[in-house]
J.: 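Take this structure first; my questions come after.
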Amino acid sequence: MSTTELPPTYDHAATERDLYARWQDAGVFTAHAERSRRAAGDRDPFTIVIPPPNVTAVLHMGHGLNNTVQDVIMRWRRMSGDEVLWVPGTDHAGIATQNVVEKQLAKEGKSRFDVGRAAFVARTSAFVAETGGTILSQLKAIGASADWTRTAYTLSPQLSRAVREAFVRLYERGLIYRGHRVIHWCPRCLTSLSDEEAEHHDVHGRLYHISYPITPANATEEPRFITVATTRPETLLGDVAVAVNPNDERYQDLIGRTVMLPIAEVEIPIVADEYSDPTFGSGAVKITPAHDANDFEVGQRHGLPMPVIMTPSGQIGEFMDAAGRVPPALDGLDRFAARDAIVQMLEAAGRLEKVEPHPHSVRRCYRCETVVEPRLSDQWFVKMKPLAEPALRAVREREIRILPERWEAVYINWLEGIRDWNISRQLWWGHRVPVWYCDACGKVTASRDDVERCPSCSGPVHQDEDVLDTWFSSGLWPFSTLGWPDDTADLKAFYPTDMLVTAPEILFFWVARMIMTGFAFMGEAPFHTVYLHGTVRDTNHVKMSKSLGNGIDPLDVVALYGADALRYTVVAGMGLGADTILDPKDLDRSFGPGRNFVTKLWNMGRFLLTNVGDDSVLAVTNIPASDFTRADAWILERLNAAIAACNAALGPARPGATQWRDDERYAGLRLNEYTEAARNFVWNELADWYLESVKGRLTTAGDDRNVARAVLVHAFDYALRLLHPIVPFVTEALWQRLPVYKNGTFLTTASWPAVARYPGQPAEFDRVIEGVAAIRQLRGEYGITPGKLLSGIVIPSAAAHPIFAAETGLIERLTRCTLTVAKASPAGAAAHQVLSDGTEIVLPLAGAIDLEKECSRLKGELEGLEQQLTGLRARLQNENFVSRARPDVVEAERRKEQEWTVRREQLAGKVASLCGT
RNA sequence: GGGCGAAUAGCUCAGUUGGUUAGAGCGCCUGCUUUACACGCAGGAUGUCGGGGGUUCGAAUCCCUCUUCGCCCACCA
């Protein structure tokens, strides 16, 4: 690409389209297993597996944030010389996808049962094939440098093999079993849910106190009652007992007797069980084993029946073992309607003692928000304790770190109290449970391959009807996507992966389970770093969502502001683990700064290219030390500082050993700090000072012009490298136009900048900066418009004398002054500034200066300085400070004291001579 | 009910193990067609660091307490 003049405005749309296509055509995102050090290569592998979005998802801001973070890290590592693999892909998302297709069917007036299982699955597959994976192409629009040749899908044949392998191995190890117990059931989705999928929501409910009449021991006994309290009176139809605490004195005589269950008119026993808390309510609790997990356990302990009194869709009915319990008036009523009806019936019968407001929490289905119904059923479970053990150890022993740190405690707490995982779902969309039942002998077979006949009796078999929890397959993602269970080159080269970047919401759903399966099947942790970023919220701190209408469409942002602006905004605003607040009502406020920054870069590039030209540029390393100007030395030193700051903010990419050391454990991944360090260098140092200072040199032919060209190109080149992970498009577009550009290369694969040693005295240019700033300040204070030339005098300190003498021309240009370097102050009215080393800047402003005003200004300054100096000296004379503070802090204070003393003397002298005191 | 986090300029947020005069961006005020950029340049104003108490030579930073938000977890009917 030639270095012809750039168009005055940056066309982000055209540039992004063109560059992404060229990156892809050149295969720069494609990983090569053979280059990994774990294979035959010499590069450290660096792998991230994407948190697979639902296959039917469309890009939202949360994806935008998540994938920008991953891409920044990936591009940084790629430039750092790692063999980088970012595995993209999608999740078949069992319930979510099935719900979408069911809704489509509903519009046609049909349910999935009307079309049948095979047709439904076929239809869903077709739907996914047609519209699924949209999000992956949308990720390209934000610049995601994923390896699209390795795109994975949880329901692909390859990953389905991994799912079966995992299931069968766990089954063979006795870690998967069939359990008959109360699980969370969604009456709308018609499936069981795991504990994690049934989310707690606080509600203002009611506590109903109901009295159950005790069956009289004989005809003469007075009527007695026992009161129970419940928030769900409708479950009363399934009561099989009333439990009291065995130590509760109030009820000793009632244990073993029976009560008549109202409405159902069934006689049930009073049992003694520790579960009953004597301090709650009346101390007696109704037991409904089929509709409450605790009651189920009580029921088991006492060998009680377990009638199910609701249909799967949540209507009252004699579903299982409930014959004779449901009166016709209630049969078929929805559970909440039945609640009202039962309350009325109880009231009418005089059995409702009281109703109290009762704040408590109910669980809702995480996909459809329907209140979950505890329900007795047969499900497949994974025994979690043995799997959790190595996953706990890995974090405790620092093999895995979780950032921000506080989530490690949450993770550990959850794993310590982990309960068995219900993995079967009564859905049709997903991996069918690979278990076959013999119709003849009843043998149960878990198998990697489809089973045609019973392996023991050759009888006919049928497969389990359920599918697996969608998180079962995503839990295998770090290795299933690399080819497991086969021993593939990718698996060898790239497993374990390195980092996992996601939101805390799925720490348990996904992250913890990947760690457990990583140990269970691969014998190693799947990654060494879990980076949990925040959530995207609006200015009211409400989570952005389509349904709430407070979302921002990332593609809108890309169209209006460009992908780079989107990325810059996301990364710059991201404190470690902190939420990202964006204003959906004012996109300009959120994304304007990002766009402005991109424009700034573009204009720096325009300036550079028009002024540097096409001619070859010297390498900075080939320039003799004596040829560097103060500005050159300064900007090269600032560049070093910027590189160091960026590296420190990004942190170590991997642990130095098998475990994280203390000093590196929570270091890095401060993307906001990285962004700020790079931005500050480019804008406030390179553009504001170096670029301005170099203008004169570029217009004058000669050796110095070539030095200036070389340093400018070098600094800009490195600046673009530092910024490329954040704003890949504009940096690549500019970089390819630099005179040092080699055809066919990409910034994407260029090397990450390294700190180097450059000659010169960088600090000397700081004097110049200080002088310029002082003059500008005087201009501002005295209202001398920048357009107006004025003359000034510099009276430099001895050390600064050669600097100001030599740099007068530059200072004049930057301030539009004419300056004289002198040894004495001029007579007459003048404005003064005293620099930190005592250098005086004097602007004679006959007529413009009010001597009194100038005096009071200088006096005020002196006074302030003296106050500070007093404080500083007190600190330095304080033994405690000198002995306890860090030595470098003390040293800095001492230097400061010297500097301030010089300045104070100068200021005092100035005040004395000017103001006559 | 248990645990965690947050509260700093009008807004969104930085502030690393306590250590100069608490910073950035946006917004605001003043000025500027300075030949890359008005999506810019130069200058400026703005903070009882949520309240109270404590530790310390020194606290936005550590401890206690209160207030207000937010998050996670939870079988008390």
Side-chain angles (χ1 to χ4, degrees), chain A residues 6 8-10 200 207 228-232 243 275-277 279-281 284-288 292-297 358 360-361 374 404 406-407 409-410 413-414 417 504-505 507-508 535 537 539 541 561 565 572-575 577-583 588-590 592-611 648 666-667 670 672-673 676 679-680 687-688 691-692 695 699 773 776-781 783-787 813-816 864-865 867-868 871-872 874-875 877-882 884-886 889-890 892-893 896-897 900:
Chain A
L6 293 181
T9 53
Y10 172 58
H200 287 276
L207 191 60
V228 296
T230 180
T231 54
R232 297 190 301 149
Y275 167 64
S276 181
D277 176 359
T279 65
F280 186 92
V285 57
K286 66 195 261 317
I287 300 297
T288 322
D292 184 286
N294 295 309
D295 292 7
F296 172 76
E297 286 173 21
H358 186 67
H360 63 126
S361 83
R406 67 183 120 90
W407 287 103
V410 176
N413 182 49
W414 184 73
E505 288 111 85
L507 180 61
F508 306 141
T535 306
R537 299 175 186 279
T539 46
H541 293 217
Y561 298 88
M574 195 162 55
D579 288 341
T580 297
I581 312 294
L582 298 171
D583 190 347
D588 213 53
R589 191 157 166 255
S590 298
R595 177 209 46 205
N596 295 354
F597 181 59
V598 169
T599 306
K600 183 74 181 180
L601 280 174
W602 183 254
N603 281 303
M604 290 172 73
R606 282 179 66 211
F607 170 83
L608 183 143
L609 295 175
T610 49
N611 290 283
Y666 300 117
R670 269 65 174 180
N672 54 336
E673 291 177 25
E676 176 52 24
R679 187 209 65 83
N680 180 65
D688 287 352
L691 206 140
E692 290 300 329
K695 279 178 176 172
T699 54
R776 286 174 175 167
Q777 210 179 317
L778 287 176
R779 271 191 185 279
E781 277 171 30
I784 308 156
T785 58
R813 213 168 49 66
L814 293 176
T815 58
R816 297 177 65 85
L865 186 59
Q867 262 180 29
Q868 297 307 321
L872 184 60
R875 204 173 307 127
Q877 277 157 21
N878 185 318
E879 278 174 38
N880 284 314
F881 172 68
V882 177
R884 291 187 208 168
R886 271 203 333 255
V889 171
V890 177
E893 299 278 75
K896 209 75 208 175
E897 195 217 350
W900 286 2

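Order of the sequence lines fixes the chain letters, A, B, ..., with proteins taken first and strands second; residue numbering starts at 1 for each chain.
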J.: Taking any heavy-atom pair under 4.0 Å as a contact, classify A:Tyr10: base, sugar-phosphate, or nothing.
T.: nothing
J.: Would one find a side-chain N or O of A:Asn603 under 4.0 angstrom from OP1 or OP2 of B:C39?
T.: no
J.: Within the structure, does a side-chain N or O atom of A:Lys695 lie under 4.0 Å from either OP1 or OP2 of B:U34?
T.: no
J.: Going by purine N1 to pyrimidine N3 plus the second Watson-Crick contact, or the G-U wobble pair, all under 3.5 Å, which nucleotide sits opposite B:C41?
T.: B:G31
J.: Look at A:Glu893 together with A:Lys896 and state whether they make a salt bridge at an N to O cut-off of under 4.0 Å.
T.: no
J.: Any donor-acceptor pair under 3.5 Å linking the side-chain atoms of A:Asp588 with those of A:Tyr561?
T.: yes
J.: Scan A:Trp414 against the nucleic acid and name what it touches under 4.0 Å (heavy atoms): base, sugar-phosphate only, or nothing.
T.: nothing
J.: Counting only Watson-Crick pairs (N1-N3 plus N6-O4 or O6-N4) and G-U wobbles (N1-O2, O6-N3), all under 3.5 Å, who is the partner of B:C71?
T.: B:G3
J.: Examine B:C75: is either OP1 or OP2 under 4.0 Å from a nitrogen or oxygen in the side chain of A:His200? Give yes or no.
T.: yes
J.: Below 3.5 Å, does any donor atom in the side chain of A:Arg606 face an acceptor in the base of B:C37, or the other way round?
T.: no
J.: Among B:C73, B:A36, B:U12, which is the nearest nucleotide to the side chain of A:Asn413?
T.: B:C73
J.: Would you say A:Lys600 reaches B:C41's phosphate, i.e. side-chain N/O to OP1/OP2 under 4.0 Å?
T.: yes
J.: Answer yes or no: is there a side-chain heavy-atom contact under 4.5 Å between A:Leu207 and A:His360?
T.: no
